[in-house]
Amino acid sequence: MSDDAIESVLQETRSFPPPEAFAAEAHISSEDQYQQMWERAKDDPEGFWGELATENLDWFKEYDSVLEGAMPDTKWFVGGKLNVTHNCLDRHLTNWRKNKAAIIWEGEPGDTRVLRYQDLHREVCRFANVLKQFDIGPGDRVTLYMPMIPELAIAMLACARIGAVHSIIFGGFSADAVAERNNDAQAKLVVTADAGWRRGKELPLKAAVDASLEKSPTVEKVVVVRRTGLEVEMVPDRDYWWDDLMATASTECEATPLDSEHPLFILYTSGSTGKPKGVLHTTAGYLLGTTMTSRWVFDLKEDDTYWCTADIGWITGHSYIVYGPLANGATTVMYEGAPNYPDEGRFWNIVEKFGVNIFYTAPTAIRAFIKWGDDWPGQADLSSLRLLGTVGEPINPEAWMWYHRVIGGERCPIVDTWWQTETGGIMISPLPGVTVTKPGSCTRPLPGVVPDIVTKDGKSLEDNKGGLLVMRQPWPSMLRTLHGDHDRFLETYFSEIPGAYFAGDGARRDEDGCYWVMGRVDDVLNVAGHRLSTMEIESALVSHQNVAEAAVVGFPHDLKGEGICCFVTTTDGGESEELKAELIAHVRQQIGAIATPDQIRFAAAVPKTRSGKIMRRLLRDIAAGREEVGDTTTLEDYSVLSKLREEEE
Ligand code: PRX
């Protein structure tokens with residue numbers, strides 16, 4: 001990147017206005033309405049968000065002020081008391097929605113469960129009482145390491161009901177990663193399952209928890225859901241079966257009134273340096289953000305069946321499978337397994353089976369669907385779909401067009417939603433009844449979101465100049481801190497561009513005010529829509545006895561968006577296929593299957609600048625097999641380069 005601007009090469013001229021019939025029925029249905037909302041939120045954020053909070057959330061005690069402080073340290077709805085689960089459950093029980101499906105769940109083997117709002121409420125109350133019985137109270141941290149089963153949603157809501165803070169760890173992380181997160185959060189209790197189903201195989205979870213507990217001493221109790229029947233070891237007075245506990249738990253549990261800024265959850269995400277960051281979200285602002293964005297972006301209607309295919313272990317699942325949809329009283333679909341089990345038509349069968357109207361997935365999944373061929377979606381009735389969404393990475397225009405044509409039947413608007421774990425909710429996205437969409441652009445900021453594109457010095461750039469994406473104004477669902485490390489929070493997000501939130505992405509804004517996100521500008525990879533830190537993978541590699549030094553970079557990957565390429569210098573110069581396999585297994589053991597390296601390349605030395613910085617751009621060029629390797633004038637040792645190129649052969 002040059003000092004001033006990032007070069008942007010993508011030129012896309014196709015555009016798609018919203019279908020008239022869709023716009024006529026949409027929650028936000030005209031350009032004027034959007035403009036008015038956006039201007040109002042920009043000029044009078046307190047008035048704008050205050051009105052929405054009063055109208056759309058149930059409060060046990062009204063707040064005194066909408067916003068206190070300025071970025072980075074803001075407090076929203078100060079003095080107010082509320083409970084997220086009262087808003088997601090109890091308030092729907094006073095009307096006909098009590099019998100509406102809250103969660104429609106499908107297990108990978110094909111078993112299904114439907115939990116009506118009153119069923120979900122009852123189960124959440126029960127598990128909240130179980131947590132209380134184990135002396136879990138407001139502020140205590142609870143780790144959830146579970147498959148995509150209803151008990152995961154029940155456990156997270158049970159935590160929220162009593163003010164405990166959940167920390168969900170995606171099932172693809174290893175025991176070591178679980179231990180690290182348990183320790184950082186000082187978790188008191190872990191909820192897990194014997195195993196989950198993945199492509200017909202049992203993915204053991206309890207065994208990983210057992211291994212993690214050898215290294216995470218703060219955990220006192222473990223609750224285990226029986227899912228697959230896999231045999232597990234149960235340690236007396238530490239491990240308990242979910243169903244045993246639930247059988248005797250009372251179904252009555254009042255929702256605890258909590259301060260607006262009471263912590264709701266911690267979710268770990270990768271950063272460019274050091275250990276994973278515990279992004280902390282709080283109660284009222286997060287709830288309001290996810291409630292409003294679910295309604296605006298997904299245009300949720302009372303009779304919609306809505307399906308977000310993410311795993312709840314990621315922020316997308318937190319915000320748009322559980323909290324946002326349930327706060328709106330919507331019906332949310334949850335699926336346990338893989339998209340290609342028992343065959344590549346599984347997702348489309350689910351759409352047909354449940355009559356899904358709104359479908360939200362990731363570009364990496366769309367690329368896989370394209371590869372599997374049009375026949376699979378062609379065999380299912382997809383006519384129920386009315387709106388499509390994407391999230392997690394920039395979508396390539398051709399994948400967008402395929403999604404539009406083959407899945408959307410050229411009638412469904414597509415919302416390409418840009419946001420992050422840290423933002424809590426969607427920030428930049430089309431409004432499906434208003435926005436003229438362009439393949440590859442997440443289009444315009446939602447009301448309350450004031451982005452800018454700036455140089456490294458914080459100077460605003462004109463249209464069509466690539467630069468750093470920042471937020472100029474605070475918004476209710478933004479992260480409040482990194483758990484236990486407020487300095488790192490300030491340093492990571494607010495030191496780069498003083499006075500603004502820096503997202504870590506490069507982007508440009510076009511002449512219509514549409515944003516085109518170009519990807520990360522830091523040392524973070526986006527592998528299949530998931531953030532992984534090059535530095536974390538490097539330290540995992542270096543912790544292997546045969547590795548002296550490692551440098552990890554991303555390279556373009558057809559399906560995953562970015563693949564992981566590791567340059568490794570061994571301690572004794574030894575290089576073998578066996579060692580490659582061992583290193584791959586080692587990274588999986590340290591971080592988890594999601595971080596599995598795609599390439600290991602042995603190198604005599606890692607190329608560094610004279611000041612000792614790894615020359616990542618050069619390595620990226622080599623990993624991608626590009627002929628031109630760019631500027632190497634600052635390279636410390638030229639012989640390193642020829643050796644690396646040899647490795648390519
Ligand atoms: O680089 C952006 C990319 O994903 C990052 C956020 O990752 P994570 O916190 O794991 O959350 C993913 C789900 C919200 C961003 O910094 N990203 C996410 N959505 C988009 C995107 N890049 C381009 N277009 C998107 N729609």
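When a residue number appears, it is its place in the shown sequence, counting from 1. In listed order, ligands and their atoms are each counted from 1. Just so it is clear, the values below take in all heavy atoms, side chains as well, and ignore hydrogens, waters and symmetry mates.
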**Request:** Look at atom 3 (C) of ligand 1 and find which of A507, G392, S319, G440 reaches it with the closest heavy atom.
**Result:** G392

**For V517, the ligand 1 atoms whose distance to one of its heavy atoms is below 4.0 Å** = 22 (N), 23 (C)

**Message:** Assess the residue pair D485 and K277 against the criterion (salt bridge (charged side-chain N to carboxylate O under 4.0 Å, His left out)); give the C-alpha distance rounded to whole Å, side-chain angles, the decisive distance to 0.1 Å, and a yes or no.
**Reply:** CA-CA 9 Å; D485 201 346; K277 302 180 293 192; over 6 Å; no

**Item:** Positive for ring pair (Phe, Tyr, Trp, His ring centres under 6.0 Å) with F347, one of Y360, W372, F369
**Value:** F369

**Asked** Of the backbone atoms (N, CA, C, O) and the side-chain heavy atoms from C-beta on, which set of P394 has a member under 4.0 Å from an atom of ligand 1: side chain, backbone, both, or neither?
**Response** both

**Fill in**
In ligand 1, the atoms that come under 4.0 Å of a heavy atom of D416 are 24 (N), 25 (C), 26 (N)

**Prompt:** Taking the inter-plane angle between the rings of Y320 and W419 on a 0 to 90° scale, is it parallel (under 30°), tilted (30 to 60°) or perpendicular (over 60°)?
**Reply:** perpendicular

**Asked** Can you tell which of I395, D522, D505, T421 gets a heavy atom nearest to atom 1 (O) of ligand 1?
**Response** D505

**Request:** Classify the ring geometry between Y501 and Y493 as parallel (under 30°), tilted (30 to 60°) or perpendicular (over 60°).
**Result:** parallel

**Asked** Are the aromatic ring centres of H166 and H318 under 6.0 angstrom apart?
**Response** yes

**Request:** Would you please classify the geometry between the F359 ring and the W348 ring as parallel, tilted or perpendicular, with 30° and 60° separating the classes?
**Result:** tilted

**Message:** Which option wins on minimum heavy-atom distance to atom 7 (O) of ligand 1: R531, E393, H530?
**Reply:** R531

**Those atoms of ligand 1 less than 4.0 Å from some heavy atom in T417** = 19 (N), 20 (C), 25 (C), 26 (N)

